[in-house]
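One structure is given below, encoded as structure tokens.
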Amino acid sequence: MLNRFARFSLAISEIDRCWHKLAAEEMAKYDLNSAHAFYLTTLIQYPEGVTAAKLSELCCKNKADVSRMISILEKKGLVRKEAVGGNLYRAKLLLTEEGRQAAEHVQGRAALAVELAGSGMTDTDREAFYRCLEMITTNLQTLSKEGLPQA
């Protein structure tokens with residue numbers, strides 16, 4: 001039997017691989033890649049718009065990645081920048097109507113994927129799973145900032 005580290009690492013890697021494959025299939029309809037799905041589904045949660053800095057924080061991505069992704073989404077006509085105080089420096093990023101429709105489509109397909117991926121789980125199983133996943137995430141974030149304790 002595989003040890004816990006191997007089971008955990010393999011499961012996380014396989015989930016990530018499968019998710020990106022499914023997301024890539026959905027995003028191909030918009031001539032985009034899987035990474036864009038997360039930006040669209042995040043932006044739709046903020047109809048009043050968000051700054052690039054806030055989007056970076058929300059998506060846990062660096063500002064350079066956000067800038068690249070937003071530039072592509074702008075060129076596709078899915079996102080627009082709205083100046084704040086006549087300045088684009090802290091502009092709000094907003095979905096266009098086409099972007100909103102794409103985000104709603106992707107969000108619906110993602111919800112279906114999550115529902116099907118969790119088939120066979122009870123609500124209690126699901127709650128425990130997400131509670132544990134969030135705990136592992138928080139612990140790993142702390143370890144990645146502070147490093148592993150010395151043996």
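For N62, the side chain to side chain donor-acceptor pair (under 3.5 Å) criterion is met by no residue, not counting sequence neighbours. Not counting sequence neighbours, the partners of E104 by the side chain to side chain donor-acceptor pair (under 3.5 Å) test are R100.
Remark: E14 CD to W19 CH2 distance equals 15.0 Å, nearest 0.5 Å. Between the OG atom in S34 and the CD atom in E25 there is a gap of 10.5 Å [rounded to 0.5 Å]. F8 CZ to I136 CD1: the interatomic distance, rounded to the nearest 0.5 Å, is 5.0 Å. Atoms NZ and OH, on K54 and Y46 in that order, are 5.5 Å from each other to the nearest 0.5 Å. Rounding to the nearest 0.5 Å places NE2 of H105 at 11.0 Å from CG of L40. Of the inter-residue distances, the one linking I44 atom CD1 with Q101 atom CD reads 10.0 Å to the nearest 0.5 angstrom.
A donor-acceptor pair shorter than 3.5 Å can be found between the side chains of T122 and D125. Using a 3.5 Å distance cut-off with no hydrogens or angles, the side chains of Y39 and D65 do pair a donor with an acceptor.
Note on V114: it clusters hydrophobically with M121, by side-chain heavy-atom contacts below 4.5 Å among ILVMFWY residues. Residue L95 is grouped with residue L58 when hydrophobic side chains (ILVMFWY) are merged at heavy-atom distances under 4.5 angstrom, including chains of intermediate members. Taking hydrophobic clusters as Ile, Leu, Val, Met, Phe, Trp and Tyr residues chained together by side-chain heavy-atom distances below 4.5 Å, F5 does not share a cluster with I12. Linking ILVMFWY side-chain heavy atoms closer than 4.5 Å, directly or via other members, places Y30 and L94 in two distinct hydrophobic clusters.
More than 12 heavy-atom neighbours from other residues, nucleotides or ligands sit within 6.0 angstrom of CZ on R126. Within a 6.0 Å sphere centred on CD of Q45, heavy atoms belonging to other residues, nucleotides or ligands number more than 12. Taking a 6.0 Å sphere around CG of D16, one finds it holds more than 12 heavy atoms contributed by other residues, nucleotides or ligands.
Considering every non-hydrogen atom in both A53 and K63, the closest pair reads CB-CE, 4.2 Å. A91 and K81 make their closest contact through CB-CB, 4.1 Å (heavy atoms, listed as atom of the first residue, atom of the second, distance). Nearest heavy atom pair, residue A102 against residue L78, reads CB-CD2, 4.3 Å. Annotation for A37 and V106: closest pair CB-CG1, 3.8 Å, computed over non-hydrogen atoms. Residue T96 comes nearest to G77 through the heavy atom pair OG1-O, 2.6 Å, listed as atom of the first residue, atom of the second, then distance. Closest of all the heavy-atom pairs between L143 and P149 is CD2-CD, 4.2 Å.
Between N33 and M27, every side-chain heavy-atom pair lies at or beyond the 4.5 Å cut-off. In this structure the side chain of L55 reaches within 4.5 angstrom of the side chain of I70, judged on heavy atoms.
Although no hydrogens or angles enter the test, the distance criterion places a donor-acceptor pair under 3.5 Å between the side chain of T138 and the main chain of E134. Put simply, the side chain of S144 gets close to the backbone of Q141: a donor and an acceptor are under 3.5 Å apart. Of the possible polar contacts, none joining the T51 side chain to the K92 backbone as a donor-acceptor pair under 3.5 Å is found.
Ion pairing of K76 with E74 is absent here, as no side-chain N (NZ or NE/NH1/NH2) approaches a carboxylate O to less than 4.0 Å. Taking the charged nitrogens against the carboxylate oxygens, K29 and E26 do have a contact shorter than 4.0 Å, which makes a salt bridge.
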### Query
Between L73 and H36, is a side chain to side chain contact (heavy atoms under 4.5 Å, CB included) present by the stated rule, with each step listed?
CA-CA 8 Å; L73 292 172; H36 294 102; 3.9 Å; yes
